[in-house]
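This one's a predicted model, so the numbers in the text were calculated from it and none came from an experiment. FYI, side chains are in, hydrogens and waters are out, and symmetry mates aren't considered; it's all heavy atoms of this structure. Order of the sequence lines fixes the chain letters, A, B, ..., with proteins taken first and strands second; residue numbering starts at 1 for each chain.
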Protein chains: 2
Amino acid sequence: MDSVFKALSDKNRRDILSLLKKKDMTVGEIKKHFKITGASLSHHLDILKRANLVTAERDGQFIKYSLNVSVFEEIMKLFYKFFK
Amino acid sequence: MDSVFKALSDKNRRDILSLLKKKDMTVGEIKKHFKITGASLSHHLDILKRANLVTAERDGQFIKYSLNVSVFEEIMKLFYKFFK
DNA sequence: GTAACATTTAGACGTTCATCTAAATATCTA
DNA sequence: TAGATATTTAGATGAACGTCTAAATGTTAC
């Protein structure tokens, strides 16, 4: 649970999640929306992956990132329990 | 919004919120549940206060902290929009 | 007003974090 | 196999963070 809150505490990472909510994207596609280097982006994606918020799958030369929807529903439940 | 996620990213602070969910508490009462110094606790309470997650009111010699319930409902809505 | 208690503020210290550049790895195409 | 493109890894740097001790502030009771 800690890794999830830590992951969400950075604005860039929350923006990445918002992008992936719309559709799966390669690192390069995601990168267009940010002003950080590829290395930094890769770091953020790694943190999101470790928190189980996204999954990654290689598609040839590219790597496609997706929201891990089932974990998101788990988190919603936890939040609900936590806040209500 | 950033200050809220930042505030929630620390386990001690989430535990403070869980305590305050049950009842209002003075700093001294809260302190009994943690192994940190009063200064550190005061720092955490300040972060929660700035994020609008708690409110503080002096009651004589003591200061009583409470969950800011209305803001919590706002946050639940935002989370819901963010995750669904 | 001074002593005792409750809490915050100031300043310091080590750790974690976001970012960068440079180099490494993986894949595709010619 | 060589060169180009996509992404990650390694290592460094400065800022932010959580914690501490010591001192300051606010309040109560004698």
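- Base engagement by B:H43 is indicated by at least one non-hydrogen atom pair under 4.0 Å involving a base atom.
- Rounded to a whole Å, the CZ atom of B:R58 is 12 Å from the P atom of C:dA6.
- Each end of the helix from C:dG1-D:dC30 to C:dA30-D:dT1 gets its own axis, taken as the rotation carrying the C1' atoms of four end pairs onto the next four within a five-pair window, and the two axes meet at 20° to the nearest 10 degrees.
- The distance from atom CG of A:N12 to atom C1' of C:dT19 is 10 Å, rounded to the nearest whole Å.
- Judged as a salt bridge (charged side-chain N to carboxylate O under 4.0 Å, His left out), not a single pair has a partner in residues 60-72 of chain A (not counting sequence neighbours).
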Could you list the donor-acceptor pairs under 3.5 angstrom formed between side-chain atoms of residues 47-57 of chain A and any protein atom two or more places apart in sequence or on another chain?
residue : atom : partner : partner atom : Å
A:R50   : NE   : A:D46   : OD2          : 2.9
A:R50   : NH2  : A:D46   : OD2          : 3.3
A:N52   : OD1  : A:N68   : ND2          : 3.1

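- Contact check for B:L45 versus B:I63: no side-chain heavy atoms found under the 4.5 Å cut-off.
- Remark: B:K35 engages no residue in a side-chain contact (heavy atoms from CB on, under 4.5 Å) (not counting sequence neighbours).
- Not a single side-chain contact (heavy atoms from CB on, under 4.5 Å) links B:S42 to another residue, sequence neighbours left out.
- Across residues 23-33 of chain A, not one residue has a non-hydrogen atom less than 4.0 Å from an atom of DNA chain C.
- Taking A:H44 as the reference, A:R13 meet the side-chain hydrogen bond (donor to acceptor under 3.5 Å, both in side chains) condition, with sequence neighbours excluded.
- The footprint of chain A on DNA chain D, defined by a heavy-atom cutoff below 4.0 Å, extends from D:dT5 to D:dT9.
- Residue B:Y65 is in sugar-phosphate contact alone, with no base atom involved, counting any heavy-atom pair closer than 4.0 Å across all strands shown.
- Residue A:T37 places at least one side-chain N or O under 4.0 Å from the OP1 or OP2 atom of C:dC20.
- In this structure, CG of B:L41 is placed 9 Å from P of C:dT7, rounded to the nearest angstrom.
- Applying the salt bridge (charged side-chain N to carboxylate O under 4.0 Å, His left out) rule to A:K77 yields the partners A:E74; only residues at least two apart in sequence or on another chain are considered.
- By the salt bridge (charged side-chain N to carboxylate O under 4.0 Å, His left out) test, B:K22 is found to be paired with no residue, residues two or more places apart in sequence or in another chain being considered.
- Residue A:Q61 contributes atom CD, which lies 7 Å from atom P of C:dC28 at whole-angstrom precision.
- Rounded to whole Å, atom C1' of C:dC17 lies 18 Å from atom CZ of B:F5.
- With sequence neighbours left out, A:R14 forms a salt bridge (charged side-chain N to carboxylate O under 4.0 Å, His left out) with B:D2.
- For the pair A:H44 NE2 and C:dA18 P, the computed distance is 6 Å after rounding to whole Å.
- When rounded to the nearest whole Å, the span between CD of B:E57 and C1' of C:dA6 equals 16 Å.
- The distance from atom CZ of A:R50 to atom P of C:dA18 is 13 Å, rounded to the nearest whole Å.
- Among the atoms of the strands shown, none is found under 4.0 Å from any heavy atom of B:D46.
- When atom types are taken as modelled, the side chain of A:H43 and the backbone of A:A39 share no donor-acceptor pair closer than 3.5 angstrom.
- The salt bridge (charged side-chain N to carboxylate O under 4.0 Å, His left out) search around B:K11 returns B:D15, not counting sequence neighbours.
- Residue whose closest nucleotide on DNA chain D sits further toward the 5' end, between B:K35 and A:I63: A:I63.
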